[in-house]
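First up is the structure itself, then whatever we jot down about it.
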Amino acid sequence: MVKPFKDLCFLCEELSKLSKRTSMANLVSNFIKDLDIEELEIASRMIIGEIFPPWSQLEFDISGATIWKIMKELTGITDEEFIDFFNETGDLGSCVKEIFEFKGKVQTKLYQFKPLSITDVNEHLKELASIIGEGSRKRKEKLLKALLERASPIEAKYIVKFIIGERRHGFGEGLMIESISKAFNVPSEIIRRANMFLCDVGKLAALTKKYGSQYLRTINVTLFHPVKPMLADDAENVLDALKTLGGRAAFEIKPDGARVQIHKKGEKVKIFSRRLTDVTNSLPDIVEMVNRKVKLKEFIIEGEVIVIDENRKPLPYQYVMRRFTRVKDTDKMMEHYPAKLYVFDILYADGRSLINKSYENRRRFLENKIEESIVMPRIVTSDPNKAEIFFKYSINSGHEGLVAKRLTSTYTPGIRGKHWLKIKENPKTLDLVIVAAEYGYGYRFKWLSDYHLAARDEETGEYLVVGKTFTGLTDKEIIDLTSKLERLAIAKRGRTIIVQPKIVLEIAFSEIQKSPNYRSGYALRFARIKRIRSDKTPEEADTIQKIIRLYEDQFKRKGKIL
DNA sequence: CATAAGACTCG
DNA sequence: ATCGCAT
DNA sequence: ATGCGATAGAGTCTTATG
């Protein structure tokens, strides 16, 4: 039976009203129970807002601004009206719905009455995402306009939400697994396990309904089908990590680079990023390296890629990103920013899955088959002092810290368990001044939840922005700060207000970067709020001169390119 | 042809 | 990535 | 204590626009 798309929209509406996880899972479980296989696959993806699996290479490439433009053409709404609608609703999807409802009264022939089915919408979205090449922007807009013209207000709301990736109904992958479990009476642990290899909730639901738990158990790693990477939890220090891991553990270097999963069979090599996108084309030197240094015909290995200078010192993370995002002229990039690979795990070798082997087993296998120069350095110890010395060594070599690993642990894809533990230095902090604030999105749209942080210039007395942050405060603190900031407002620009520089925050960060975007020339990476410094005046805040000093200090450990 | 805006990557 | 909140 | 979803940054490349 063909299910109307409208029903799925109503389901999402219900979900956003609920807060109890179990009742949300029950609702979805009932909805998906009697869908046919094809619709089940599509609907499961839609409900959690992941329309395409991560490696499918299908992308919408459409932003909120484009939606705005299309809405103007479709309804004749003015910019001022649009902003009013947006400010009232707080999210673009609801805003589109309201506009359609309002304008629908004026222009009744705005949408046709042949109802959209779930499959219809999916076909349209797929087509939309596959448009590439010259003039693609125009063709995409035309197609989307046609689709929205057919949609009722509530349908338009969710089409827009899917396209711009705005979910915010509190129902994600984890709850979908619970729902599939309930709907088809299969233990959630089995579904969870299968999901690690499939990385696609749609396929997961379809296979569960079609074949049941016996089949799900047989799913395993497959070449050229990326697996969700196993994740590490945080540990305070090496002692803490040793305690959690049972007194003895492996400690590997943690470089400040990007994670890769490399698959090879015959001549074919593919490199996947942590989010499972195919980055092979950007990293030809890594492809060449594995061809030379891995002595296996078929394999899946995992490692970290960094970029080094002529002294083989790690360059700042910015350069790693340059390599990852570049697809043209990769030859020149290879010369200027040579990449280095550190392999730390092996999941598959010559026809055999290794993920159920222990860490020590996998590591020994890896050391036998891979040239030492690209193997991640590590030690195994039960002595906290030795671990601490290795940690210091890692930091002083320009790396981020260590990852401690339980020797007996198997590879658990997609899970952030207590088997791998990240150990980093305590973050540095700065006291910075709020000079502007933005109203947030979703449930924070009435609160000033994003703060522009500035350092004082000793020479001019001016406050220079060095970053923004939105995280670290509780909801209550955000509400309090909102009213304080509103009283300090000087000017308003859209959803941003400029405020008098009065409030000082203690900000933790991971690194200082050279910024092309800020007038100050510097930006903080991963800025987050530690606490509100009500005891400090803006004059006592840290200065841009101090930030420049800290920036230069970073090169005592890291490599630098002139 | 230069600049600006948009999209997409990552940790 | 980091965080707070729910459980 | 743990899992989950929400929040959204900075940098860089690509496309659109005047």
Side-chain angles (χ1 to χ4, degrees), chain A residues 15 19-22 24-25 48-49 54 59-69 132-138 140-141 164-178 192 229 231-234 244 254-260 273-279 282 304-305 316-330 333 400 414-418 422 424 427 438 440-445 447 449-453 466-478 508-518 522-530:
Chain A
L15 287 176
S19 62
K20 278 238 195 298
R21 286 172 198 260
T22 41
M24 291 167 90
I48 68 158
E59 282 154 7
F60 289 118
D61 203 24
I62 290 168
S63 74
T66 310
I67 304 283
W68 186 343
K69 191 176 143 201
I132 47 161
E134 207 178 323
S136 59
R137 187 107 274 132
K138 287 250 149 57
K140 279 189 184 199
E141 282 172 18
I164 65 165
E166 178 187 76
R167 291 187 286 120
R168 300 185 177 103
H169 50 31
F171 192 91
E173 194 180 81
L175 284 170
M176 184 50 92
I177 286 167
E178 292 305 315
R192 203 172 289 275
L231 304 170
D233 207 339
D234 297 302
T244 325
K254 183 182 191 305
D256 188 12
R259 181 122 173 224
V260 288
S273 72
R274 183 187 146 159
R275 287 187 186 167
L276 311 183
T277 48
D278 184 343
V279 290
S282 307
E304 188 90 357
V305 170
Y317 178 76
Q318 286 186 288
Y319 297 95
V320 181
M321 278 334 293
R322 242 171 248 178
R323 287 298 313 267
F324 268 70
T325 50
R326 192 66 166 254
V327 286
K328 280 182 178 169
D329 298 325
T330 45
M333 294 302 279
E400 239 190 312
I415 304 239
R416 192 184 295 283
K418 287 275 181 210
K422 295 182 271 199
K424 300 192 205 178
E438 289 175 38
Y441 283 80
Y443 79 98
R444 310 217 286 203
F445 86 100
W447 305 339
S449 57
D450 196 12
Y451 313 108
H452 299 214
L453 309 164
V466 292
K468 295 196 255 180
T469 187
F470 59 92
T471 185
L473 296 181
T474 62
D475 289 354
K476 192 184 168 302
E477 287 172 314
I478 297 174
F509 62 96
S510 65
E511 190 187 20
I512 299 165
Q513 295 178 309
K514 198 92 190 170
S515 172
N517 295 327
Y518 290 123
Y522 298 87
L524 305 181
R525 173 144 80 119
F526 300 138
R528 63 265 187 196
I529 303 164
K530 276 288 157 215

* Counting only side-chain N and O atoms of R528(A), is one of them less than 4.0 Å from OP1 or OP2 of dT7(D)? -> no
* Asked: Does dA1(C) have OP1 or OP2 sitting under 4.0 Å from an N or O in the side chain of K422(A)?
  -> yes
* Residue whose nearest DNA chain D nucleotide is more 5′ - D233(A) or P516(A) -> D233(A)
* Asked: Do any side-chain nitrogens or oxygens of T277(A) fall under 4.0 Å of OP1 or OP2 in dC10(B)?
  -> yes
* Send over the distance from L231(A) CG to dT2(C) C1', rounded to a whole Å. => 14 Å
* Asked: For K514(A) and dG11(D), is the shortest distance between a side-chain N/O and OP1 or OP2 below 4.0 Å?
  -> no
* Quick one: CD on E400(A) to CD on E304(A), what's the gap to the nearest 0.5 Å? -> 8.0 Å
* Atom pair distance, as rounded to whole Å: CZ in R192(A) and P in dG3(D) -> 9 Å
* Could you tell me whether the phosphate oxygens of dA6(C), OP1 or OP2, come under 4.0 Å of any side-chain nitrogen or oxygen in K20(A)? => no
* Asked: Any side-chain N or O of T471(A) under 4.0 Å from OP1/OP2 of dG4(C)?
  -> no
* Structure fact -> Of T469(A) and G172(A), the one whose closest nucleotide on DNA chain D sits nearer the 5' end is G172(A)
* Looking only at side-chain N and O atoms, does R274(A) come under 4.0 Å of OP1 or OP2 in dC10(B)? -> no
* **Y319(A) side chain near dG11(D) phosphate (N/O to OP1/OP2, under 4.0 Å)** => no
* Asked: Between dA6(C) and R21(A), is there an OP1 or OP2 to side-chain N/O distance shorter than 4.0 Å?
  -> no
* **Face-on cation placement of R525(A) at Y317(A) ring, 6.0 Å and 45° thresholds** => yes
* Asked: Under 4.0 Å between a side-chain N or O of K424(A) and OP1 or OP2 of dT2(C)?
  -> yes
* Asked: Just checking K254(A): base, sugar-phosphate only, or nothing, at a heavy-atom cut-off of under 4.0 Å?
  -> nothing
* Tell me: NZ of K140(A) to P of dA16(D), nearest whole Å? -> 10 Å
